[in-house]
**Q** 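Got a structure for you, written out below as structure tokens; questions coming shortly.
For the single chain, residues carry numbers from 1 onward in sequence order. The basis for the numbers below is simple: all heavy atoms, side chains too, and nothing from hydrogens, waters or symmetry mates.
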Amino acid sequence: MLGLFICAMVRKYCFLTLFILVTSCNVFNPIPQPKREFRGFWVATVVNIDWPKKGTDPIEKQKRDYLNILKFYKDLNFNAAIVQLRTAGDAFYDSNYAPWSRFLTGTEGQSPDMEEDILAWMIAQTHKQGMEFHAWLNPYRATFDLKTDVLSPTHDYFLHPEWMVKYGKKYYYDPGLPQVQERLVSLMEELVQNYEMDAVHFDDYFYPYKIKGEVFKDSLSYANHSLPGQSLADWRRSNVDSLVRKSHRMIKAAKPWVQFGVSPFGVWRNQSADPRGSDTQAGQTNYDDLYANPILWMEKGWLDYIVPQVYWSMDLEVASHQRILGWWAALPYPTNLYIGNGPYKIRNNNDTAWDNKKELPDQLKLARKTDDVGGNVFFSAKSLQYKNADVTEYLKKRFYQNQALPPVSPLAPSRSEKEFSVAGIRTIENGYQIDIGPLEEYRYALVYASGPKQKAAYPIKKLLGKLPIKDSGYIKIGNELVGDKKHIALTTLDKFGHESNPVRIHLDRIRE
């Protein structure tokens, strides 16, 4: 009997040990890692939310701070920086249509104290980290407050006062004026033509969020430019539609590979106002209050991607994150859908759900298991960089252990039939130089760990590095990247993000 009892206890102990091991693995092992996933972060520059920390900081400190942001998110395996370059009628680059931003230089209209182009430098540094650079613009906000004495004499507030509408404690461009639309499209064209960014990005500020008891005074524009019988609300929506359509056409005509994305407020319409709307009770909505109709833009094919700002917690009654995400994912349009998340709320919100370490991870888990969601974007950059280290560590272990390639736009052409090839390989100090071409087709080289046999494709866990391809016609692979590996495989990403077939390289033969 004692022997039977001992055997039973041993079996029970072994089962318990196995159960603990299995459940422990489930806790600490990463969930499945996709090869393609958009992982973005917004760098807000208005009133120096994220960067620069101060407009009066020396340029070298500003550059270090920008690199620190990139390093933090590179370590998290993120792949896209969405950087605010126009906050309120200004610019973070040398523009013919807007003065230098005071949030960059301390004084509006004053250029940075550096010889090189600050925006070209930012884009190059972002690409060096293997990340896309998305130029974030706020089109309609003309001023951040009513302190017009801080504005440059070249600001549109002074040059074109007839374009301005005072509403609340800000001035806005009148979206109903054709001259305003022309100016905004010209400003974007200047940016796209002069810089090698990967996308142009609008945020959620179209017509301003409504203020109780105030009227947006565009009645004269409405009288002069509306169609016969067109309601004020429909006319306002048509103005925003027009800017989005013109922006899309300009970008694709100038550089077809540059994407166009919008990050609207998370609720299109409440179901109580429209049966097609979401099961929410949002106080304001895109369609009814901001006069923005993003599902029309998706239907018309004017957007490469959309990032609804779903900053609410998973089960918030009036605006549940999971219900809103499900609503967007169910739309039958081929626009890439990414979800905007609000880590700035972690342990910093009246909604106590955000006190839970798992709130943001649960949102990411929902996004990743929803087929029509292709990634996430965090607002804002500093939300995880300087606090909530335990959440960041959890995200790294569970969601972002491996790198990921950004999705290809549904508006992109098919991959070129031309096969990628390696023109030559030689050893150099501390590594290898690999000659490739033709240069105009390639944006990055991807280096994978490989075995002795050629494969048709390599999983993302084998990716060793993502290297920008420069005009020189070659890439350099350092020994620190490949170590003592005998074989690697090389692929390229073209300007649209298509990956080529791999070319396997036997490093031992080159070393000999």
Side-chain angles (χ1 to χ4, degrees), residues 33-39 70 74 77-81 123-133 196-199 255 257-259 402-409 412-451 453-511:
Q33 305 282 294
K35 183 165 186 175
R36 296 262 184 185
E37 183 176 60
F38 194 84
R39 301 172 181 175
L70 294 183
K74 172 68 173 177
N77 284 323
F78 273 49
N79 54 31
I123 293 172
Q125 294 300 318
T126 305
H127 286 165
K128 186 176 180 181
Q129 297 300 323
M131 296 179 180
E132 294 184 346
F133 187 98
E196 292 303 315
M197 83 276 295
D198 300 281
K255 293 180 179 178
W257 57 89
V258 173
Q259 296 193 37
N402 295 331
Q403 300 179 63
L405 306 181
V408 175
S409 167
S414 300
R415 194 183 85 177
S416 171
E417 295 298 324
K418 187 181 297 184
E419 289 293 333
F420 160 67
S421 61
V422 172
I425 308 171
R426 62 187 178 90
T427 57
I428 57 174
E429 185 178 1
N430 299 320
Y432 307 87
Q433 178 173 308
I434 300 180
D435 299 317
I436 58 178
L439 294 175
E440 65 273 10
E441 291 191 16
Y442 305 142
R443 180 64 59 86
Y444 287 101
L446 304 181
V447 183
Y448 292 92
S450 176
K453 293 183 178 180
Q454 176 74 41
K455 290 187 176 182
Y458 287 81
I460 196 66
K461 66 181 181 180
K462 295 290 186 180
L463 183 62
L464 301 174
K466 181 180 180 183
L467 309 176
I469 297 174
K470 301 179 180 179
D471 294 338
S472 51
Y474 60 84
I475 60 169
K476 291 182 179 180
I477 301 178
N479 288 328
E480 74 281 358
L481 187 66
V482 297
D484 59 355
K485 291 179 174 56
K486 295 181 179 180
H487 305 88
I488 61 171
L490 204 64
T491 68
T492 57
L493 292 181
D494 65 18
K495 291 180 179 180
F496 295 94
H498 296 298
E499 186 175 13
S500 70
N501 292 325
V503 173
R504 189 177 61 85
I505 298 172
H506 197 320
L507 292 179
D508 271 3
R509 293 178 181 173
I510 302 168
R511 292 177 184 135

**Q** Can you tell me how far apart NZ (Lys255) and NZ (Lys495) are? Round to the nearest 0.5 Å.
**A** 8.0 Å

**Q** Taking only residues two or more places apart in sequence, or in another chain, which ones meet His506 in a side-chain contact (heavy atoms from CB on, under 4.5 Å)?
**A** His487, Asp508, Arg509

**Q** Quick check: do Glu132 and Thr126 have side-chain heavy atoms less than 4.5 Å from each other?
**A** no

**Q** Side chains of Leu446 and Leu467: does their closest heavy-atom pair fall under 4.5 Å?
**A** no

**Q** May I ask you to check whether Glu419 and Asn501 show a side-chain donor-acceptor distance below 3.5 Å?
**A** yes

**Q** With sequence neighbours excluded, tell me which residues meet side-chain contact (heavy atoms from CB on, under 4.5 Å) with Gln433.
**A** Arg426, Ile428, Asp435, Tyr474, Lys476

**Q** With rounding to the nearest 0.5 Å, note down the distance linking CG in Leu490 to OG in Ser450.
**A** 11.0 Å

**Q** With sequence neighbours excluded, what pairs up with Ser500 under the side-chain contact (heavy atoms from CB on, under 4.5 Å) test?
**A** Phe420, Thr491, Thr492

**Q** Measure the CZ-CG distance between Arg415 and Leu493 for me, rounded to the nearest 0.5 Å.
**A** 11.0 Å

**Q** Kindly write out the residues that satisfy salt bridge (charged side-chain N to carboxylate O under 4.0 Å, His left out) with Lys35, not counting sequence neighbours, or none if the list is empty.
**A** Glu499

**Q** Looking at residues at least two apart in the chain, or sitting in another chain, which of them share a side-chain hydrogen bond (donor to acceptor under 3.5 Å, both in side chains) with Gln454?
**A** none

**Q** At their closest point, which heavy atom of Lys466 faces which heavy atom of Gly130, and how far apart are they?
**A** NZ-O, 3.0 Å

**Q** Between CD1 of Ile425 and CD1 of Ile510, what distance do you get to the nearest 0.5 Å?
**A** 4.0 Å

**Q** Once side-chain contact (heavy atoms from CB on, under 4.5 Å) is applied, do any residues pair with Lys455, and if so which ones, sequence neighbours excluded?
**A** Tyr458

**Q** Let me see the working for Ile469 and Ile475 under side chain to side chain contact (heavy atoms under 4.5 Å, CB included), right down to the final yes or no.
**A** CA-CA 6 Å; Ile469 297 174; Ile475 60 169; 4.0 Å; yes

**Q** Give a yes or no on this: more than 12 heavy atoms of other residues, nucleotides or ligands lie within 6.0 Å of atom NZ of Lys74.
**A** yes

**Q** Backbone N or O of Gly483 within a donor-acceptor pair of the Asn479 side chain at under 3.5 Å?
**A** no

**Q** For the residue pair Pro406 and Arg36, what are the closest heavy atoms and their distance?
**A** O-NH1, 2.7 Å

**Q** Please check this pair: side chain of Asn79 against backbone of Ala404, looking for a donor-acceptor N/O pair closer than 3.5 Å.
**A** yes

**Q** Can you name the nearest heavy-atom pair linking Leu464 to Ile488, along with the distance?
**A** CD1-CG2, 4.5 Å

**Q** Closest heavy-atom contact between Pro407 and Gln259?
**A** O-NE2, 4.3 Å

**Q** If you define the side chain from C-beta out and look only at heavy atoms, does anything of Ile477 sit under 4.5 Å from Ile434?
**A** yes

**Q** Who are the side-chain hydrogen bond (donor to acceptor under 3.5 Å, both in side chains) partners of Asp198, not counting sequence neighbours?
**A** His127, Arg443

**Q** Taking all atoms of both residues into account, what is the closest heavy-atom pair of Ala457 and Pro502, and its distance?
**A** N-CG, 4.4 Å

**Q** Validate the cation-pi geometry between Lys462 and Tyr448: distance from NZ or CZ to the six-membered ring centre under 6.0 Å, angle to the ring axis within 45°.
**A** no

**Q** Just verifying a value: how many Å separate Leu507 CG and Asp484 CG, rounded to the nearest 0.5 Å?
**A** 10.0 Å

**Q** As an exercise, state the distance from CZ of Phe496 to OG of Ser416, rounded to the nearest 0.5 Å.
**A** 10.5 Å

**Q** For Glu37, what residues pass the side-chain hydrogen bond (donor to acceptor under 3.5 Å, both in side chains) criterion, not counting sequence neighbours?
**A** Arg39, Arg368

